[in-house]
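These notes are about the structure you will find just below.
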Amino acid sequence: MAGFDKVVASFEEAMVGLEDGMTILAGGFGLCGIPENLIAEIKRKGTKGLTVVSNNCGVDGFGLGILLEDKQITKMVSSYVGENALFEKQLLNGELEVELTPQGTLAEKMRAGGAGIPAFYTATGVGTPVAEGKETKEFNGREYLLEEAIVGDFAIVKGWKADRYGNVIYRHTAQNFNPLAATAGKITVVEVEEIVEVGELDPAQIHTPGIYVNRVVLGTFEKRIEKRTVKTAE
Amino acid sequence: MSLTREQMAQRVAQELQDGFYVNLGIGIPTLVANYVPENMEVMLQSENGLLGMGEFPTEETIDADMINAGKQTVTTVKGASIFSSAESFAMIRGGHVDLTVLGAFEVDVNGNIASWMIPNKLIKGMGGAMDLVAGAENIIVTMTHASKDGESKLLSNCSLPLTGKGCIKKVLTDLAWLEIADGAFVLKERAPGVSVEEIVEKTQGKLIVPDHVPEMQFA
């Protein structure tokens with residue numbers, strides 16, 4: 001009897017059901033708050049033809065960048081992909097398709113997807129290449145674009161702490177897209193640094209309520225820093 | 001003399017007001033944080049989900065989970081808050097940020113801005129720039145007045161794909177402070193030692209030059 005217990009024992013078990021051609025929503029901003037171990041598991045599994053929705057695509061050799069090595073991703077939906085030489089190569093070869101999406105629109109697409117809202121209007125992108133082929137409508141004298149929500153077959157999420165019921169808390173700015181991705185996966189998998197007993201987390205401090213979460217798995221994290229900046233001594 | 005990057009940041013900082021929530025883009029805008037007047041409280045918003053960004057950490061306090069939108073490691077100030085990307089853009093798109101400062105390739109007389117894409121070059125993406133220019137009421141664009149080849153970046157029509165349409169009203173270049181109104185640039189101030197003639201020569205779009213154009217003042 002599992003009840004609400006969402007904890008699984010391995011990354012392999014965490015990604016059961018992932019198949020070629022599926023859409024994956026991934027949390028993270030740059031390399032901050034990325035589900036490192038679930039990405040590594042997708043690489044190990046060798047799943048191909050993936051559409052990945054994530055603000056960025058990692059760097060060469062780390063984060064989502066490792067899924068490019070065996071050409072597992074066919075399409076990326078992202079706001080900024082400039083940190084990755086292999087990405088650039090596959091894009092120019094035509095091996096990889098990219099749908100550049102404004103960052104706030106991307107966040108709202110996930111939020112809406114998880115909230116059962118199929119589309120929304122936004123002023124972001126009006127009069128730009130992003131507006132091409134999209135319906136527009138005027139409200140209060142201003143033009144807005146109709147943007148469609150995104151849902152994923154899987155959402156892969158990096159949390160700080162979770163309880164066994166899948167209630168999740170994120171740490172600092174490692175929150176970013178994670179709680180949004182968590183709401184919009186048909187199967188949402190959260191990897192965390194610590195699993196605590198039910199009742200240990202303050203209910204009012206939960207970022208992602210367990211209702212959105214299907215599987216919780218414990219990981220250890222490298223937490224690579226993309227741009228290490230420190231204060232110069234005074 | 002044209003303004004240095006530091007002087008540009010200093011001039012933008014003169015537009016700050018006590019109690020402002022401000023989003024600073026990458027490059028010159030980031031430097032504005034160094035010139036917040038001492039008697040003033042300003043809170044910096046970073047679109048990855050941080051309101052109240054502080055200075056860089058020390059080697060001892062550096063934390064991979066604490067970054068800004070430029071992916072640099074940072075700290076928080078007292079009274080900061082941290083939230084999701086959707087919340088972050090709700091405050092941007094909802095017009096709650098008092099001032100946005102960002103760079104650009106081109107601006108035109110209709111307030112259009114191009115800042116993210118040069119066709120036939122590698123396109124990295126717009127990040128949050130489109131949301132910022134669409135959501136903010138008060139935007140300052142910082143850029144050089146002309147390219148290294150002398151081509152004006154203040155145009156009658158942007159030639160590059162747009163980041164936003166009709167959203168820019170204030171531009172600070174290395175030569176001048178300009179406002180955009182009724183389909184023209186209006187020359188408000190010139191950099192110390194820069195002549196009106198030089199600015200006229202380097203502005204391709206329609207430029208209105210008032211009788212008196214003061215020099216920028218620096219403390």
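If you're wondering where the values come from, they're calculated on a predicted model, not measured in any experiment. Numbers restart at 1 for each chain; the letters A, B, ... are given by sequence-line order, proteins then strands.
- With B:S84 as reference, A:L180 is the one residue of A:N178, A:L180, A:N176 to meet the side chain to side chain contact (heavy atoms under 4.5 Å, CB included) rule.
- Ranked by heavy-atom pairs shorter than 4.5 Å toward chain B, the options A:P102, A:G33, A:G125 are led by A:P102.
- Among A:G30, A:A107, A:G104, the residue making the largest number of heavy-atom pairs under 4.5 Å with chain B is A:G104.
- For B:T163, the part lying under 4.5 angstrom from a heavy atom of chain A is the backbone only.
- Counting heavy-atom pairs closer than 4.5 Å to chain A, the top-ranked of the candidates B:A64, B:G125, B:G127, B:A114 is B:G127.
- The environment of NZ in A:K134 is crowded: more than 12 heavy-atom neighbours from other residues, nucleotides or ligands sit within 6.0 Å.
- In this structure, A:T173 contributes its side chain and B:I67 its backbone to a donor-acceptor pair below 3.5 Å.
- Annotation: maximal heavy-atom pairing with chain A below 4.5 Å, among B:L162, B:N48, B:T73, occurs at B:T73.
- Taking a 6.0 Å sphere around CZ of A:F11, one finds it holds more than 12 heavy atoms contributed by other residues, nucleotides or ligands.
- Residues B:K165 and A:E143 are paired through a salt bridge, judged by an N-O separation under 4.0 Å between the basic side chain and the carboxylate.
- Both the backbone and the side chain of B:E47 come within less than 4.5 Å of a heavy atom in chain A.
- For a residue to count as touching a neighbouring chain, one of its non-hydrogen atoms must lie under 4.5 Å from one of that chain's; by this rule B:N68 touches chain A with the backbone only.
- Counting heavy-atom pairs under 4.5 Å between each of B:P57, B:G128, B:P161, B:G49 and chain A puts B:P57 at the top.
- No more than 12 heavy atoms of other residues, nucleotides or ligands sit less than 6.0 Å from atom CG of B:D182.
- The only member of A:K158, A:R224, A:K223 that meets salt bridge (Lys or Arg N to Asp or Glu O under 4.0 Å) when paired with B:D65 is A:K223.
- Atom OH of B:Y21 sits in a sparse spot, with 12 or fewer heavy atoms from other residues, nucleotides or ligands closer than 6.0 Å.
- Side chains of B:F89 and A:T105 form no contact here, defined as non-hydrogen atoms less than 4.5 Å apart.
- More than 12 heavy-atom neighbours from other residues, nucleotides or ligands sit within 6.0 angstrom of CG on A:L146.
- The pair A:E88-B:K124 does not meet the salt-bridge criterion, since no charged nitrogen lies less than 4.0 angstrom from a carboxylate oxygen.
- Counted within 6.0 Å of CD on A:E222, heavy atoms from surrounding residues, nucleotides or ligands total more than 12; the atom is thus considered enclosed.
- Atom CD of B:E151 is surrounded by 12 or fewer heavy atoms from other residues, nucleotides or ligands within 6.0 Å.
- In this structure, B:L50 and A:H172 have side chains that are not in contact, with every pair of non-hydrogen atoms separated by 4.5 Å or more.
- Distance check, rounded to the nearest 0.5 Å: OG of B:S85 to CE of A:M110 gives 8.0 Å.
- The parts of B:A69 that come within reach of chain A are both its backbone and its side chain, each placing non-hydrogen atoms under 4.5 angstrom from that chain.
- With a threshold of 4.5 angstrom between heavy atoms, A:S78 does not approach chain B through any atom at all.
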Determine, step by step, whether B:M130 and A:Q103 satisfy the side-chain contact (heavy atoms from CB on, under 4.5 Å) criterion, reporting the C-alpha distance in whole Å, the side-chain angles of both residues, the deciding distance to 0.1 Å, and the verdict.
-> CA-CA 8 Å; B:M130 286 190 182; A:Q103 198 174 125; over 6 Å; no
Begin from the C-alpha positions of B:M117 and A:T128 and carry the test side-chain contact (heavy atoms from CB on, under 4.5 Å) through to its verdict.
-> CA-CA 11 Å; B:M117 178 182 182; A:T128 78; over 6 Å; no
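- Between chain A and the residues B:D63, B:V133, B:T61, the most heavy-atom pairs under 4.5 angstrom are made by B:D63.
- The parts of A:R228 that come within reach of chain B are both its backbone and its side chain, each placing non-hydrogen atoms under 4.5 angstrom from that chain.
- The greatest number of non-hydrogen atom pairs below 4.5 Å with chain B, out of A:A131, A:P129, A:A123, A:P179, is found for A:P129.
- Distance check, rounded to the nearest 0.5 Å: NE2 of A:H207 to CZ of B:F83 gives 11.0 Å.
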Can B:K71 and A:L31 be said to form a side-chain contact (heavy atoms from CB on, under 4.5 Å), step by step?
-> CA-CA 8 Å; B:K71 294 158 190 157; A:L31 300 181; over 6 Å; no
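- For the atom pair A:I225 CD1 and B:I62 CD1, the distance stands at 4.0 Å (nearest 0.5 Å).
- Atom CD of B:E137 is surrounded by 12 or fewer heavy atoms from other residues, nucleotides or ligands within 6.0 Å.
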Between A:V230 and B:T58, is a side-chain contact (heavy atoms from CB on, under 4.5 Å) present by the stated rule, with each step listed?
-> CA-CA 5 Å; A:V230 291; B:T58 62; over 6 Å; no
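- Taking CZ of B:F56 as the reference point, atom OG1 of A:T232 lies at 9.0 Å (rounded to 0.5 Å).
- Proximity of a side-chain donor or acceptor of B:R93 to a complementary backbone N or O of A:T124 within less than 3.5 Å is not detected.
- Of the listed residues (A:V126, A:T101, A:L106), the greatest number of heavy-atom pairs within a distance under 4.5 Å of chain B belongs to A:T101.
- Top candidate by heavy-atom pairs under 4.5 Å with chain B, chosen from A:R111, A:E83, A:E108, A:Q175, is A:Q175.
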